[in-house]
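Both ligands and their constituent atoms are indexed starting at 1 by order of listing. What you see below is based on every heavy atom in this structure, not just the backbone, and it leaves out hydrogens, waters and symmetry mates.
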Amino acid sequence: MKRAYNFSAGPAMLPNEVMERARDEFLDFRDTGMSVMEISHRSKEFIAVAEQAEADLRELLAIPDNYKVLFLQGGASLQYSMSALNLLKGGKKADFFRTGAWSDKAIKEVAHLCEVNIVADGKASSYTDIPAREDWKFSDDAAFVHFCPNETIHGVEFQQPPETPVGKDGKRKPLVADMSSCILSRPIDVSKYDVIYAGAQKNIGPSGLTVVIVRDDHLDNLPDNLPRMLSYRAHADGDSMFNTPPTYPWYLAGLVFDWLKQQGGVEAIEKVNIRKAEKLYAAIDASDFYTNPVAPAVRSRMNLPFTLKDPELDAVFLKEAEQAGLTSLKGHRSVGGMRASIYNAMPEAGVDALIAFMQEFEKSHG
Ligand code: PMP
């Protein structure tokens, strides 16, 4: 059987151990004679799966008790507007960082619901840098502040969450983070955030599942006309079973959480992630043949875009990489070139193999 080193940005590769366990349990889940995907979400077997997954995620991220963890559908794309609908609370404005294609998409979506103030705009640098702190312009009347800690397409990552300004009520403005492509890649202090959301298909599991972590005081004072499917309160009160949840992705996410615990948790995987990213950036920077345009201080550990000196070689590079078992390296169409997404499940050996391939390719085509 062949397993490629798959550098896809998402859906992305999952750990072999997880896939093997899912295969072994596929037809007969823990002596039920049924697959997990065939059992009711209200069965005691599935409830156990759901609760264990939540407990493991809470442990991995040290999620405080006053935060709810929701397992939803709709992708990160639904969370742009859903988080706004739950946090606006009558407010008419929100503050957004624009640091790449995904925060730009979030801004366009939320602009249907309220006025959007751009706190800091990376557009002028073609999203190769994050504007300096002293140039950030928060507004006085924003209901919340939104940012995307890791921009999957442009490969730009905040090393720390931004500190939000203090509002008229004397409290820090709520902070919302789209962590789709960096959740579980490094430790975070959940208490610094009000809402964290992430599509699962990178560091959590397969697509079809969205994880939301929301501080429980935001479940109050929701607008009366908020459809219940869009209400964090409705999903929290129903233990994410307000409607039928994505049971199989939830189960697979649980296997990934268990795998991550066995790797030593988020602190341990962060060390591997730093090593993987550093060696790949070092290889790119050491060569005139490959270029990464992102300012070193904000380079992503998860998504590394790079270009070849001669774009005419892109197709050959991709073809030969594929033949070497290194797949899905094509960059996003808006940026071009290549992109190596190296989430938690990408073994260090995969990054080593990519670097060796790149050096060989440069020798033969450079
Ligand atoms: N935000 C980020 C940072 C992403 O990388 C993606 C998908 N690649 C999205 C949002 C959109 O996610 P979804 O397709 O799950 O809606």
Q: How far is atom 1 (N) of ligand 1 from the closest protein heavy atom, and which atom is that?
A: Asp178 OD2, 2.6 Å

Q: For ligand 1, is there an atom lying under 4.0 Å from some heavy atom of Gly10?
A: no

Q: Run the salt-bridge test on Asp220 and Arg233 with the 4.0 Å N-O cut-off and return the result as yes or no.
A: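 Looking at Asp220 and Arg233, the cut-off is met.
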
Q: Quick one: look up the protein heavy atom nearest atom 10 (C) of ligand 1 and list residue, atom name and how far away it is.
A: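 Sorting protein heavy atoms by distance from atom 10 (C) of ligand 1 puts Tyr80 OH, 3.2 Å first.
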
Q: Can you tell me which portion of Ala106 lies within the under-4.0 Å heavy-atom range of ligand 1? Options are side chain, backbone, both, or neither.
A: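 Looking at Ala106 and ligand 1, no heavy atom falls under 4.0 Å.
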
Q: Could Arg301 and Glu157 be called an ion pair, given the rule that one side-chain N must be under 4.0 Å from one carboxylate O?
A: no

Q: Using the ring pair (Phe, Tyr, Trp, His ring centres under 6.0 Å) definition, which of the options Phe26, Phe257, Phe29 pairs with Tyr251?
A: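 Going through Phe26, Phe257, Phe29 one by one, the ring pair (Phe, Tyr, Trp, His ring centres under 6.0 Å) with Tyr251 is satisfied by Phe29 alone.
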
Q: Measure the acute angle between the ring planes of His146 and Phe96, then classify it against the limits of 30° and 60° as parallel, tilted or perpendicular.
A: parallel

Q: Got a sec, which residues hit side chain to side chain contact (heavy atoms under 4.5 Å, CB included) with Glu51, two or more places apart in sequence or on another chain?
A: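 Partners of Glu51 by the side chain to side chain contact (heavy atoms under 4.5 Å, CB included) criterion, ordered by chain and then number, come out as Ile47.
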
Q: Classify the contact between Lys105 and ligand 1 as side chain, backbone, both or neither, using a heavy-atom distance cut-off of under 4.0 Å.
A: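 No part of Lys105 is near ligand 1 at this cut-off.
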
Q: What protein heavy atom is closest to atom 3 (C) of ligand 1, reported as residue, atom name and distance in Å?
A: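 So the nearest neighbour among protein heavy atoms is Thr152 OG1, 3.2 Å.
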
Q: Do Asp285 and Arg299 meet the salt-bridge criterion of a basic N to acidic O distance under 4.0 Å?
A: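 Here Arg299 pairs with Asp285 in a salt bridge, since their nearest N and O are under 4.0 Å apart.
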
Q: Is the shortest distance from a Lys or Arg side-chain nitrogen in Lys309 or Asp288 to a carboxylate oxygen in the other one below 4.0 Å?
A: no

Q: Test: salt bridge (charged side-chain N to carboxylate O under 4.0 Å, His left out). Region: residues 122-141. Which pairs qualify, not counting sequence neighbours?
A: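 Passing the test, one end in residues 122-141: Lys93-Asp141.
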
Q: Taking distance alone, with no angle check, do Gly75 and ligand 1 share an N/O pair under 3.5 Å?
A: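 The answer is no, given that Gly75 and ligand 1 share no N or O pair closer than 3.5 Å.
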
Q: Should you measure from each heavy atom of Cys148, which atoms of ligand 1 turn up under 4.0 Å away?
A: 3 (C)

Q: Got the closest protein heavy atom to atom 11 (C) of ligand 1, with its distance?
A: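 Heavy-atom neighbour on the protein nearest atom 11 (C) of ligand 1: Trp102 CZ3, 3.5 Å.
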
Q: Among protein heavy atoms, which lies nearest atom 15 (O) of ligand 1, and at what distance?
A: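 Sorting protein heavy atoms by distance from atom 15 (O) of ligand 1 puts Gln201 NE2, 3.0 Å first.
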
Q: Write out the residue and atom name of the closest protein heavy atom to atom 16 (O) of ligand 1, then the distance separating them to 0.1 Å.
A: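 Protein heavy atom with the smallest distance to atom 16 (O) of ligand 1: Ser77 OG, 2.5 Å.
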
Q: Can you pull out the closest protein heavy atom to atom 8 (N) of ligand 1? Residue, atom name and distance to 0.1 Å, please.
A: Lys202 NZ, 2.8 Å

Q: Going from NZ on Lys105 to CZ on Arg98, what distance comes out if it is rounded to the nearest 0.5 angstrom?
A: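 These two atoms lie 15.0 Å from each other.
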
Q: Starting from atom 12 (O) of ligand 1, what is the nearest protein heavy atom, named by residue and atom, and what distance separates them?
A: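 Sorting protein heavy atoms by distance from atom 12 (O) of ligand 1 puts Ala76 CB, 3.6 Å first.
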
